[in-house]
Amino acid sequence: MIEAGQANAGLADVILAARLFLNNPHTFGGIVLRGSGPVRDRLLAQMAEQLAQRGPVIRIPINVDSEQLLGGLDLTETLAKGTAVRRAGLLEQARGGVVLVPMAERVSANVAAHLAQAMDSGEIAVIALDDGIESDEVPPGVLLERAAFHCDLTAIRDLDFVLHGRRNRDTQGKALTMSQRKAISATAAAVGVHSVRPMVMTEKAARHFAQLASAETVGDDTLQAAIRVVIGPRARQLPEAHEPPPPAEEPRQPGNDSEPTDDDKNLDDISLDDLLLEAAEAAIPQYILDGISKGTVRASGGRSGKSGQKEKSTRRGRPRGSHPGVPGDGCKLALIDTLRAAAPWQTIRRKEAGDDGLHIRKSDLRIRRFEQNRETLTIFAVDASGSSALSRLAEAKGAVELMLAEAHVKRSQVALIAFRQTGAEILLPPTRSLTRARRALSAFPGGGGTPLAAGLLEARLLADAAEKRGQTPTIALLTDGKANVTLAGEADRTIAAKEVADVAKGIAAAGHHSIVIDISPRPREEAAELAAALLGKYLALPRAKSAAMVEAIDSIGTGADA
């Protein structure tokens with residue numbers, strides 16, 4: 001819980017960052033405002049009002065395509081005049097001004113790259129509105145890297161503030177000393193910030209702070225303020241605590257047996273590095289601290305927080321532009337794009353045909369392309385037989401619960417199958433409810449034979465149904481690989497092993513992703529051979545932590561190495 005004093009201090013730092021951005025938006029590249037609510041709305045309204053007096057303020061819609069962003073042919077004018085007439089894109093309209101990006105955590109990589117290029121050239125500055133809820137739901141790294149200020153408004157409730165900014169001439173200001181620059185880099189490294197850009201932005205912020213205060217030099221308090229607003233919100237780790245070395249004993253002077261008082265001690269023993277480190281640690285937002293404590297904080301360059309695989313579709317989803325092609329087989333004609341492609345050739349074609357009609361050729365045809373995130377379904381098929389229950393079933397339960405929690409955070413579905421004695425049972429149908437999953441896991445049965453083929457067959461049925469619903473299923477099989485019960489419920493190791501091989505080949509042929517997690521005390525050949533038959537991954541539980549299992553399952557769909 002954040003105390004009121006901390007929230008008020010956070011508001012003061014947000015106001016400082018916003019003032020610096022308003023004074024020189026293109027010098028600092030951008031500002032990220034995290035946390036929806038009346039405080040952010042009020043701050044944004046004041047910033048937009050002052051920025052609009054100096055230049056354009058353009059809002060970029062979340063579903064913007066490349067043509068809207070970069071410009072293209074004005075179809076109406078082109079068809080009317082018979083010659084190509086260009087229409088300016090949103091970036092060109094915003095040149096010399098500011099671009100407002102709502103829901104920045106959902107911006108596509110393509111749009112983010114174009115925005116970053118315009119920021120690098122100094123054409124625009126960016127105000128990114130971050131509405132992410134989880135600690136790993138963040139805007140694209142290329143935007144976070146170039147925006148000097150990251151402001152967290154989630155815990156701030158004070159609406160009684162007025163933002164005053166003025167346009168300053170971008171001057172170099174007073175240079176920092178070498179010790180101050182070294183202190184900045186040491187502080188950044190201590191909190192896990194290893195990029196050069198934030199260090200450069202910190203120096204610029206310190207110089208501009210000194211200009212605002214009409215100071216002749218950059219003092220330590222000014223440098224602390226710059227550290228708080230630039231490096232503090234970017235922190236990815238808490239600095240390690242180092243025990244100070246014991247002070248060396250000085251020889252006592254003859255005749256002076258009294259201990260030194262506090263007034264006699266040097267009060268300037270605290271180094272600049274320590275001051276800046278305290279400032280950075282105090283400025284770490286609460287959602288970053290929560291992520292650090294949970295171990296879920298990731299580098300800003302990642303695209304975390306997105307669930308499911310990207311699926312290119314011609315029928316539904318987010319529009320991703322058009323491409324040449326002939327309509328049919330579910331592909332829809334992109335009429336506007338087709339007319340735009342044909343427009344420049346109308347003068348030549350009309351002369352060839354001898355009429356004033358509209359001439360469309362096959363090469364002009366464009367079809368619409370869409371992209372959507374496919375929901376994922378993780379099917380946990382857990383060996384609850386006696387052999388596994390006696391070895392690592394308890395540890396497997398803990399690992400499964402962690403994976404279920406991770407699946408819930410990523411907004412995917414989970415299902416749980418237990419196989420023991422003579423068959424398999426679906427303990428948890430596909431669901432997003434973490435509460436239901438934990439309840440089913442707490443009542444997990446154990447003991448009996450190992451009907452491995454029945455568990456695999458039940459998992460395949462769920463995976464096939466998920467495919468028909470448009471989901472991406474992944475089968476996570478926790479077993480030691482030793483089957484001793486057939487599909488008919490009879491005890492026969494030879495037949496049971498053959499049935500397991502047949503079902504595994506069917507799962508591999510269907511193309512379902514899979515991973516075999518060996519829960520035996522020592523890695524077994526049976527589990528590794530089963531993973532090979534499934535064309536899936538193999539992970540030995542005794543040599544892997546729960547986080548490694550989650551990472552291995554997440555990497556299956558992307559083709560990365562576990």
Side-chain angles (χ1 to χ4, degrees), residues 377-393 395-397 399-400 403 415-426 446 448-464 466 473-544 546 548-557 559 561-562:
L377 170 64
T378 304
I379 303 168
F380 295 101
V382 184
D383 184 350
S385 65
S387 59
S388 296
L390 292 175
S391 56
R392 304 300 295 276
L393 187 55
E395 186 175 351
K397 288 181 179 180
V400 168
M403 287 186 280
L416 182 61
I417 298 172
F419 53 94
R420 69 186 187 103
Q421 294 182 351
T422 60
E425 178 185 3
I426 299 178
T450 308
L452 181 53
L456 281 173
L457 188 59
E458 199 69 50
R460 179 181 176 177
L461 293 176
L462 281 181
D464 289 342
T474 297
I475 299 175
L477 183 64
L478 283 81
T479 181
D480 57 6
K482 295 172 61 178
N484 54 25
V485 177
T486 66
L487 289 173
E490 299 177 353
D492 191 319
R493 293 181 181 273
T494 303
I495 298 178
K498 184 179 182 303
E499 291 177 344
V500 167
D502 292 339
V503 177
K505 289 179 181 178
I507 293 176
H512 297 315
H513 302 306
S514 61
I515 180 171
V516 176
I517 301 172
D518 190 348
I519 61 174
S520 58
R522 294 184 179 85
R524 305 187 64 90
E525 294 182 2
E526 292 91 339
E529 291 173 355
L530 177 58
L534 289 167
L535 300 181
K537 293 184 179 293
Y538 171 78
L539 190 66
L541 183 62
R543 293 203 299 260
S546 299
M549 280 187 270
V550 175
E551 183 179 354
I553 293 175
D554 288 341
S555 68
I556 290 175
D561 292 333

side-chain contact (heavy atoms from CB on, under 4.5 Å) between L452 and D383, intermediate numbers included: CA-CA 7 Å; L452 181 53; D383 184 350; 5.8 Å; no
So I379 and T474, do their side chains get closer than 4.5 Å, heavy atoms only? no
Which atom names give the shortest non-hydrogen contact between G455 and A381, and what distance separates them? O-CB, 4.4 Å
I'd like to know if the side chain of N484 reaches the main chain of T450, judged simply by a donor and an acceptor atom lying under 3.5 Å from each other, with no hydrogens or angles considered. yes
Show the nearest heavy-atom pair for residues P473 and A466, with the distance to one decimal. CB-CB, 4.1 Å
Does L457 reach the side chain of F419, with side-chain heavy atoms less than 4.5 Å apart? no
How far does CZ of R493 sit from NZ of K482, to the nearest 0.5 angstrom? 5.5 Å
Taking all non-hydrogen atoms of both residues into account, name the closest pair between A504 and L530 and its distance. CB-CD1, 4.1 Å
Side-chain contact, heavy-atom cut-off 4.5 Å: L462 with I426? yes
Over all atoms of both residues, closest heavy-atom pair of I507 and L456: CD1-O, 3.8 Å
Stepwise, does the side-chain contact (heavy atoms from CB on, under 4.5 Å) test hold for L416 with V382? CA-CA 8 Å; L416 182 61; V382 184; 3.9 Å; yes
Under 4.5 Å between any side-chain heavy atoms of V516 and L534, yes or no? yes
Enter the distance from L539:CG to L477:CG here, rounded to the nearest 0.5 Å. 12.5 Å
Which is it for D518 and Y538 under the side-chain contact (heavy atoms from CB on, under 4.5 Å) test, yes or no, and what are the steps along the way? CA-CA 7 Å; D518 190 348; Y538 171 78; 2.9 Å; yes
Answer yes or no: is there a donor N or O on one side and an acceptor on the other, between the side chain of T479 and the main chain of G481, under 3.5 Å? yes
Determine yes or no for a side-chain-to-main-chain donor-acceptor pair under 3.5 angstrom, with E499 supplying the side chain and L487 the backbone. yes
Looking at A496 and T486, what are the two nearest heavy atoms and their distance? N-CG2, 3.9 Å
Nearest 0.5 angstrom please: R420 CZ to E425 CD, how far? 7.5 Å
A453 and V500 have their tightest heavy-atom pair at N-CG2, 3.6 Å
